[in-house]
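Report on the following structure.
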Amino acid sequence: MFSLLSLALAAVVACSPLVPRDTVTSVVNLSNNTGTPAHLASGFIYGIPDTANQIPDHFYTDIGFNYGRAGGAQVPAPGRGWIWGLSEYKVRFASALSNYETARKYNANFIFLIHDLWGADGTQNSTAAYPGDNGDWASWDAYLTQFIADINANGATAGLSIDIWNEPDLSYFWTKGQTQYLQMWGRTYHRLRTAWPSVPLIGPAFAGQPDATNTWWTNYLSFVKSNASVPDQYVWHMEGGGGDMQGAYGALYNMLQTYGLPIKPLNIDEYATYTEECPAGSAWWISQLERVNAHGLRGNWLSGWELHDLMGSLVSKTNAATAYTETGTGYYPNGDFQVYKYYYQNMTGYRVGSQPSTDLKIDTYATVGTDKVRVLTGVRPSTTGTWAITIENISAVGLATSGTLDIHTWGFPGAGGHFGEVDAPTDLGWYSHTFSGNSVTFPIYQTDTVTAYAFEFYVG
Ligand SMILES: *[C@@H]1O[C@H](CO)[C@@H](O)[C@H](O)[C@H]1NC(C)=O
Ligand SMILES: *[C@@H]1O[C@H](CO)[C@@H](O)[C@H](O)[C@H]1NC(C)=O
Ligand SMILES: *[C@@H]1O[C@H](CO)[C@@H](O)[C@H](O)[C@H]1NC(C)=O
Ligand SMILES: *[C@@H]1O[C@H](CO)[C@@H](O)[C@H](O)[C@H]1NC(C)=O
Ligand SMILES: *[C@@H]1O[C@H](CO)[C@@H](O)[C@H](O)[C@H]1NC(C)=O
Ligand SMILES: *[C@@H]1O[C@H](CO)[C@@H](O)[C@H](O)[C@H]1NC(C)=O
């Protein structure tokens, strides 16, 4: 079944060089060098087993894993966090510390989620305490004292950053409104800044993207300006199934002007819906994040111990889909994993700028290596249809402005979905395109909703 599918796709991709006139196009500009690749999208939230070394090293190193984020969410009793008492806090801290140490083993950065360590991981009951309830900060202050001491005792500040609270704009994680949230932000920022002058304090990690009509954003930006508690990275999430990075960053940029705030690095520390976590969606998100130089961590849509395993749905393991056990092994890569592996290992040299199609449904990420130009592309699921890619200024890589260009196509199938095994991309062969005017345009026949493609040709 797998090889038949590959043959069918090869036929589809190679069948015609003609692009219908009204086809929407993503454009790559080979003369726009945008710098050295740092595979900015190669992070994921949770996804690391609490047992060290359970997932073999090569799964992390193959994809250049570079950003983790955890805080013991959903560790069951007796590990439900601070609001259940010090001993439950300690079990949860041990989970997060283990994940931190795994991340550091691969030299990855690690974002500590202190709302999860507190216990507000979305499973807390309706009467659970939040910082500053009834104007009383004693428990939160004691919690931060304990947390700072435990991080220091474990020498765990290298590569560390702190997300001060996750998605306070959603009632899963915060039910006490904006005023109490902002007081918590200001209090916590200055406390942690004093404790660790060089640990990045990041936020606001809103579920909602920047938007001048969103009062969580406007009140936050106004507050951090007046409170001298501007985050070291601007963080938000892109998990609503809509939006795009240029639009979202543009809105943030305008608001930073309005509130007189500095430009800072961006971190989308949860990106992609569960449906978007397929090869096509992964390629689309990589393209979006790279364009605006945002760090990105894949969202994690699994629960319980599966949340603490499977690398944010990049790997699976024996029986995971049917009879999951947290200590089970037999890991294997899925289709998304192959996209991230290619992105890290093959897309070397320098990046070049690109633009998504005007309908925002197809996007490209491209690099120019010493050997080849490589263009990774994907549609935003769940979409099928015909799009095109235009590669402009071919002479910038030492080729003629017209003639024939031989392009090698790889398919990245999503066979079996999140729990399916895919061990390599599929070689879809070479196709010759005639071109002129220093640019080439070729069609993408997206006949399923999940396959990503890479196109390669030799530089001159
Ligand atoms: C491609 O990038 C170059 C260099 O940044 C720029 O001068 C040129 O205008 C760009 N071409 C298009 C069509 O945007
Ligand atoms: C709700 O959670 C708190 C911990 O935040 C706990 O002390 C309390 O007993 C829980 N209430 C119920 C009804 O489970
Ligand atoms: C920032 O806000 C917190 C919480 O209200 C407050 O304790 C702190 O004094 C404020 N700091 C500054 C510099 O305004
Ligand atoms: C990517 O690079 C690796 C390491 O150089 C190589 O083994 C592999 O064949 C390349 N993959 C593709 C699809 O070109
Ligand atoms: C180069 O590409 C970047 C990233 O896509 C884009 O922001 C920039 O506007 C492009 N520059 C030119 C001159 O086209
Ligand atoms: C094409 O690339 C060449 C070489 O980098 C550059 O000099 C030229 O300005 C580029 N033209 C356009 C239209 O981008």
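Start at 1 and go down the list; that is how both ligands and their atoms are numbered. Residues take their numbers from the sequence shown, with the count starting at 1.
In this structure, W174 has its ring center under 6.0 Å from that of Y130. Between Y431 and F442, the distance from one ring center to the other does not fall under 6.0 angstrom.
Atom 2 (O) of ligand 5 is approached by the protein to below 4.0 angstrom, counting heavy atoms only. For atom 11 (N) of ligand 5, the protein comes within 4.0 Å by at least one heavy atom. Within the 4.0 angstrom cut-off, atom 5 (O) of ligand 1 has one or more protein heavy-atom neighbours.
Side-chain contact between Y67 and L40: absent, with no pair of heavy atoms (C-beta onward) separated by less than 4.5 Å.
Under the side chain to side chain donor-acceptor pair (under 3.5 Å) rule, S26 has a single partner from T364, T358, T390, which is T364.
Among all non-hydrogen protein atoms, the one lying nearest atom 14 (O) of ligand 2 is N125 ND2, 3.3 Å. Nearest protein neighbour of atom 13 (C) of ligand 1, counting heavy atoms only, is E392 OE1, 3.0 Å. Counting protein heavy atoms only, atom 9 (O) of ligand 5 is closest to N32 ND2, 4.8 Å.
Contact annotation: for V352 versus ligand 5, there are no heavy atoms closer than 4.0 Å. When non-hydrogen atoms are compared, ligand 1 lies under 4.0 Å from the side chain of N29 (C-beta onward) but not from its backbone.
For ligand 2, the polar-atom distance check against W84 finds no nitrogen or oxygen pair separated by under 3.5 Å. Among the atoms of S354, some N or O lies under 3.5 angstrom from an N or O of ligand 5.
Shown in contact with A128 at under 4.0 Å from a heavy atom are these atoms of ligand 2, numbered in order with element: 5 (O). Annotation for ligand 2: atoms under 4.0 Å from non-hydrogen atoms of I83 are 4 (C), 5 (O).
With respect to the salt-bridge test (charged N to carboxylate O, under 4.0 angstrom), the residues R92 and D116 do not qualify. Classification of D244 and R380 as a salt-bridged pair fails, no side-chain N sitting under 4.0 Å from a carboxylate O. Salt-bridge formation is not detected for the pair K90/D150: no Lys NZ or Arg NE/NH1/NH2 atom is positioned less than 4.0 Å from an Asp or Glu carboxylate oxygen.
Between the OG atom in S42 and the CG atom in L289 there is a gap of 10.0 Å [rounded to 0.5 Å].
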